[in-house]
**Student:** 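The following block contains the structure, expressed as structure tokens.
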Amino acid sequence: MPDDISCVIVHGYDEIHGYGGRAMLVALPSGETRVADQGSFACSFGERDCP
């Protein structure tokens with residue numbers, strides 16, 4: 001992971017149902033997390049969305 005990455009986002013997706021449920025935003029290196037509803041389309045998250 002590059003040193004300048006401070007947050008990662010994990011999205012749920014499958015080919016039949018597409019996006020859905022929740023996305024998990026994880027702050028690095030603290031490991032602090034935030035859950036966000038992602039809806040049925042790929043969501044855009046910005047720096048302010050990270051925990």
Side-chain angles (χ1 to χ4, degrees):
M1 181 80 57
D3 289 337
D4 62 340
I5 302 297
S6 61
C7 183
V8 294
I9 302 164
V10 180
H11 293 269
Y13 177 84
D14 71 53
E15 290 186 13
I16 295 171
H17 302 101
Y19 289 94
R22 296 182 177 165
M24 180 69 69
L25 294 85
V26 183
L28 303 175
S30 72
E32 185 178 353
T33 60
R34 179 173 168 256
V35 177
D37 289 327
Q38 69 176 359
S40 57
F41 297 97
C43 289
S44 258
F45 295 101
E47 190 173 325
R48 292 183 294 161
D49 296 313
C50 286

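As the structure is a prediction and not an experimental result, all values here were calculated from the model. Just so you know, residue 1 is the first one in the sequence shown, and it goes up from there. Below, all heavy atoms of this structure are taken into account, side chains as well, without hydrogens, waters or symmetry copies.
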**Student:** Could you tell me how the ring of His11 sits relative to the ring of Phe45: parallel (under 30°), tilted (30 to 60°) or perpendicular (over 60°)?
**Tutor:**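 His11 and Phe45: tilted rings.
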**Student:** Where is the tightest heavy-atom contact between Ala36 and Leu25, given as atom of each residue plus distance?
**Tutor:**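 Looking at all heavy atoms of both residues, the shortest contact is CB-CD1, 3.8 Å.
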**Student:** Do Tyr13 and Val35 share a hydrophobic cluster (ILVMFWY, side-chain heavy atoms under 4.5 Å, transitive)?
**Tutor:**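 Each belongs to a different hydrophobic cluster.
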**Student:** Rounded to the nearest 0.5 Å, what separation is found between the CG atom of Leu28 and the CG atom of Asp4?
**Tutor:**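 Leu28 CG to Asp4 CG: 11.0 Å, rounded to 0.5 Å.
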**Student:** Using 0.5 Å steps for rounding, measure from the CD1 atom of Ile9 to the CZ atom of Arg34.
**Tutor:**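 Answer for the CD1-CZ pair, Ile9 versus Arg34, is 9.5 Å.
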**Student:** To the closest 0.5 Å, what do you measure between CZ (Arg48) and SG (Cys7)?
**Tutor:**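 Rounded to the nearest 0.5 Å, the CZ-SG separation comes out at 13.5 Å.
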**Student:** Are Met24 and Val8 in one and the same hydrophobic cluster, where Ile, Leu, Val, Met, Phe, Trp and Tyr link if side-chain heavy atoms are under 4.5 Å apart?
**Tutor:**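 Yes, one cluster joins them.
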**Student:** For Ala23 and Gln38, which heavy atoms make the closest approach, and how far apart are they?
**Tutor:**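 Shortest heavy-atom contact: CB-OE1, 3.9 Å.
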